[in-house]
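Written below as structure tokens is the structure these notes are about.
Every chain is numbered from 1 and lettered A, B, ... according to where its sequence line falls, protein lines coming before strand lines. All heavy atoms count here, side chains included; hydrogens, waters and symmetry mates do not.
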Protein chains: 2
Amino acid sequence: MARPSTPLLSREQILRAALDLLDRTGELGLPRLARQLDVGTSSLYHHFKGGREELVEGLRGLLTEGSMPTGPGQGEGWQDFTRRWARGYRAAFVAHPAAVPLMTAQTVTHPSTLASYETLAQVLHDAGFDDEELLHAVTVLDNFVLGSALDACAPVEVWADSGRPGSPLSRAIRATKAQPGDRSERAFHLGLESLLTGLERLRDDR
Amino acid sequence: MARPSTPLLSREQILRAALDLLDRTGELGLPRLARQLDVGTSSLYHHFKGGREELVEGLRGLLTEGSMPTGPGQGEGWQDFTRRWARGYRAAFVAHPAAVPLMTAQTVTHPSTLASYETLAQVLHDAGFDDEELLHAVTVLDNFVLGSALDACAPVEVWADSGRPGSPLSRAIRATKAQPGDRSERAFHLGLESLLTGLERLRDDR
DNA sequence: ACCTGAACACCGTTCAAGT
DNA sequence: ACCTGAACACCGTTCAAGT
């Protein structure tokens, strides 16, 4: 076939197919992805010269662009914005569990994801956080969101059968499983609020 | 050679070689590991019938057993124990950065790691946390530690060149890089203390 | 620029054969 | 039980050849 007059592929198209493959099978193999697109494996390298790593980074962009706030709303306080930032970030990952290990295994280089870190930093700066506080704040929030995403994508049963059936942990899991409301989601809320008040105190105690 | 009169390998030995290989090269390939041990790849499967996954789980055990507290000390409060638990957990990972993505990509099933979750739950239970609070506490701490481990193992430069050089985030990074004290470590401390007071409030506000 | 097919150096896993 | 070597079905990446 050689070069077609009109391109068979585009980054967009490949990324969508990759996300679809990942959601359906939990894996992302380049040969498999290419087969899905009715194309040779090597064709993918024309659109992602960085190979698999660049493709995964593209996925990060696809996920975060749709889900993270671009800037603070009218008169929105730093706490409210930070809440939206963290929730949006986590939501982006939780919607595609199989993508999470890929994201966490690889350094963030996607511009729009990095831009959202910048935005958060800007908001905190404007709220009176100094350099060091700001950096710690961003780090802490990033840490917590990523960890929470990992947790949300793991089965609850993980800890269930860990010890004696009467142990506090397994009892707690059974007790909590009954009630509605996602365990991971509720824990995320609790942790996020704790971090927000912790950060506020950090700023004010100076 | 067939079966040797005295075994050439042991789980211990394989795990140590695996950790060594991981620390040195950042990767953990079974063929490469076998070559390192002067053994055929398939020999590994006699000691880890679950294959690579079981091997990685064994690594988790190796890391956590040496680093996590087995129980509360004499008259140690829940906050102090929880601090030790979280710090030990994180330290186990941070000492072997290349192992972190492997750990986070895979469900925890190693008994001794699970036991340490049980211990934490027990301590919180004895401190008056009810089932739901306890589960949230463990989840939140777990999330934060894993996220922090991921962060600690990533290069600081990640965010450095993200936006305009004068952006708050890159300024903050430059300002903080100069001073001693590990950024990730300090952020971890801040977040952990925030979570601890958040958890205390959760328990007391009931 | 964009696709192909072949080639390369790897993977993880299984299994019959040997003691 | 424990090691071997061969075999299988995969990987990710590169590259000359074609338009």
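- A centroid separation of 6.0 Å or more is found between the aromatic rings of A:Phe81 and A:Trp85.
- Atom NE2 in A:His46 sits roughly 12 Å away from atom P in D:dT14 (whole-Å rounding).
- The distance from atom CZ of A:Arg3 to atom C1' of C:dA1 is 4 Å, rounded to the nearest whole Å.
- Under the side chain to side chain contact (heavy atoms under 4.5 Å, CB included) test applied with A:Met103, the options A:Leu59, A:Val108, A:Leu150, A:Leu146 reduce to a single match, A:Leu59.
- Distance alone, capped at 3.5 Å, is enough to place a donor-acceptor pair between the B:Arg11 side chain and the B:His47 backbone.
- Contacts of residues 17-37 of chain B with DNA chain D (heavy atom under 4.0 Å): none.
- What separates CZ of A:Phe48 from P of D:dT14 is a distance of 16 Å, to the nearest Å.
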* **For DNA chain C, the dot-bracket pattern of Watson-Crick and G-U pairs whose distances stay under 3.5 Å, | for other-strand partners** => ||.|||||...|||||.||

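- Heavy atoms from other residues, nucleotides or ligands lying under 6.0 Å from NE2 of A:His96 number more than 12.
- Straight-line distance from the CG atom of B:Leu44 to the P atom of D:dC2: 13 Å, rounded to whole Å.
- Atom CD of A:Gln13 has more than 12 neighbouring heavy atoms from other residues, nucleotides or ligands inside a 6.0 Å radius.
- Here the nucleotide nearest the side chain of B:Tyr45, chosen from C:dG12, C:dC3, D:dT4, is C:dG12.
- D:dC3 atom C1' lies 11 Å from atom CD1 of B:Ile14, rounded to whole Å.
- Remark: B:Ser43 is in phosphate contact with D:dT4, judged by side-chain N or O atoms under 4.0 Å from OP1 or OP2.
- B:His47 has its NE2 atom 16 Å from the P atom of C:dT13, to the nearest Å.
- In summary, the side chains of B:Arg60 and B:Thr113 do not present any donor paired with an acceptor at a separation below 3.5 Å, with no hydrogens or angles considered.
- Judged by distance alone, with hydrogens and angles left aside, B:Ser42 brings a side-chain donor or acceptor within reach of the base of D:dG5, the pair sitting under 3.5 Å.
- When only modelled atom types and interatomic distance are considered, B:Gln106 and B:Glu53 share no side-chain donor-acceptor pair under 3.5 Å.
- With salt bridges taken as basic N to acidic carboxylate O contacts below 4.0 Å, one links B:Arg183 and B:Asp151.
- Against DNA chain D, the stretch residues 50-58 of chain A makes heavy-atom approaches under 4.0 Å through A:Gly51, A:Arg52.
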